[in-house]
Amino acid sequence: MKKSVKFVAVLLVLFTMGMVAGTVAPNVNVNTTYALTLKQGSSGSQVRTMQTKLKNWGYYKGTVDGIYGPKTKEAVKYFQRKNGLVVDGIAGNKTLKALGMSTTGSSSSGSSTYSDADVYLLARLIYGEARGESYVGQVAVGAVVMNRIKSASFPNTMSGVIYQKYAFTAVADGQINLTPNETAKKAARDAMNGWDPSYGAIYYYNPAVATSAWIFTRKTTVTIGNHVFAK
């Protein structure tokens, strides 16, 4: 009888420890359902749908490739101008409604879940590396991290990519330990939700201070502020 009581007690302790441990860094979707905004640098099925609609209605002359580039932006502005919308080239709530598209998106993708700690870590990296850059430039830095996670050439976790040896200056010089502001946190969430102003880049550098000749051989995807993004 005493052994049974002890066994039950041990199970209860283990269960309680598991419950407590599970509250430390739960795996959660960054943003399961969110207000959808498509803008230059976005990519994916929603962009493809929008391009198809704009092309069918005579607003867009480019390729339906799911990449929100300059031509798509101009097509959106043309559509906005003709439909009495704010002409900013960004497909937000009102523009999407006018296009007959859903105004919400989902970042849920099965196993692609991240903890609150991952969001905060990416925000710290963005703040350390790019706090002097524009908002788009900060999101692009975050997107590079996300692109590396997806690439077979890099670690497949947030911490693995960010703390990979010699990968980021902010880690080497300790700026990763600075407290990120709300802008960096928002940029991290946008990057984790799929906004990629870097156009698929897995590298970026400041040509004014870069010392590696090798980095200059990489194919440039876009330049944003002081950073050149490359594959």
Side-chain angles (χ1 to χ4, degrees), residues 30 37-44 47 65-74 76-77 88-92 114 118-151 153-155 157-231:
V30 177
T37 299
L38 302 175
K39 60 186 82 174
Q40 188 164 340
S42 297
S43 61
V47 175
D65 55 8
I67 299 172
Y68 203 128
K71 288 184 178 179
T72 302
K73 181 178 179 179
E74 288 306 310
V76 170
K77 289 170 74 174
D88 56 8
I90 298 172
Y114 296 95
D118 287 326
V119 179
Y120 190 69
L121 177 57
L122 183 57
R124 284 166 49 199
L125 188 280
I126 290 170
Y127 189 74
E129 289 278 318
R131 62 185 176 277
E133 298 296 316
S134 67
Y135 183 70
V136 174
Q138 292 184 48
V139 176
V141 167
V144 167
V145 174
M146 300 309 298
N147 291 337
R148 287 189 179 191
I149 291 172
K150 297 171 189 172
S151 171
S153 302
F154 295 89
T157 64
M158 186 71 69
S159 59
V161 165
I162 289 177
Y163 286 113
Q164 188 175 28
K165 198 170 184 180
Y166 307 126
F168 296 102
T169 303
V171 175
D173 65 16
Q175 292 190 69
I176 187 74
N177 298 313
L178 296 174
T179 301
N181 58 17
E182 290 304 314
T183 300
K185 293 176 186 177
K186 186 175 184 298
R189 294 189 190 96
D190 274 345
M192 293 171 82
N193 281 327
W195 183 16
D196 185 5
S198 79
Y199 293 99
I202 52 175
Y203 305 102
Y204 64 88
Y205 61 93
N206 184 337
V209 298
T211 57
S212 169
W214 174 84
I215 196 65
F216 293 107
T217 68
R218 309 308 299 178
K219 182 181 178 181
T220 297
T221 58
V222 68
T223 299
I224 305 174
N226 294 312
H227 286 144
V228 175
F229 294 82
K231 290 184 176 179

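Distance check, rounded to the nearest 0.5 Å: CG of L125 to CG of L178 gives 11.5 Å. To the nearest 0.5 Å, the span separating CG on L122 from CD1 on I149 amounts to 7.5 Å. Between the OH atom in Y163 and the CG atom in L121 there is a gap of 5.0 Å [rounded to 0.5 Å]. To the nearest 0.5 Å, atom CG of residue D196 and atom CG of residue D190 are 11.5 Å apart. To the nearest 0.5 Å, the span separating CD1 on I224 from OG on S198 amounts to 7.0 Å. For the atom pair OH (Y199) and NZ (K231), the distance works out to 11.5 Å, reported to the nearest 0.5 Å.
The backbone N or O of A170 lies less than 3.5 Å from a partner atom in the side chain of E129, making a donor-acceptor pair. N147 places no side-chain N or O within donor-acceptor distance of the main-chain N or O of I202, the cut-off being under 3.5 Å.
Heavy-atom minimum distance, A130 versus V141: CB-CG2, 3.8 Å. In plain terms, the two heavy atoms of A143 and W195 that are nearest each other are CB-O, 3.9 Å. Counting all heavy atoms, side chain and backbone alike, V76 lies closest to I90 at CG1-N, 4.2 Å. In terms of heavy-atom proximity, F229 sits nearest to G137 at CZ-O, 4.2 Å. Residues Y205 and I215 approach most closely at CD2-CG1, 3.2 Å, considering heavy atoms. When every heavy atom of E133 is checked against every heavy atom of Q138, the shortest pair comes out as O-NE2, 3.2 Å.
For the pair T223 and Y204, the minimum side-chain heavy-atom distance is 4.5 Å or more. Annotation: side chain of Q40 is not in contact with side chain of T72 (no heavy-atom distance under 4.5 Å). By the 4.5 Å heavy-atom criterion applied to side chains, K39 and V136 are not counted as neighbours. Looking only at side-chain heavy atoms (C-beta outward), K185 and V119 stay at 4.5 Å or farther from each other.
Using modelled atom types, one finds a donor on one side chain and an acceptor on the other under 3.5 Å when comparing Q175 with R131.
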Verdict with reasoning, Y127 to T183, per side-chain contact (heavy atoms from CB on, under 4.5 Å): CA-CA 9 Å; Y127 189 74; T183 300; over 6 Å; no

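With respect to the salt-bridge test (charged N to carboxylate O, under 4.0 angstrom), the residues K71 and E74 do not qualify.
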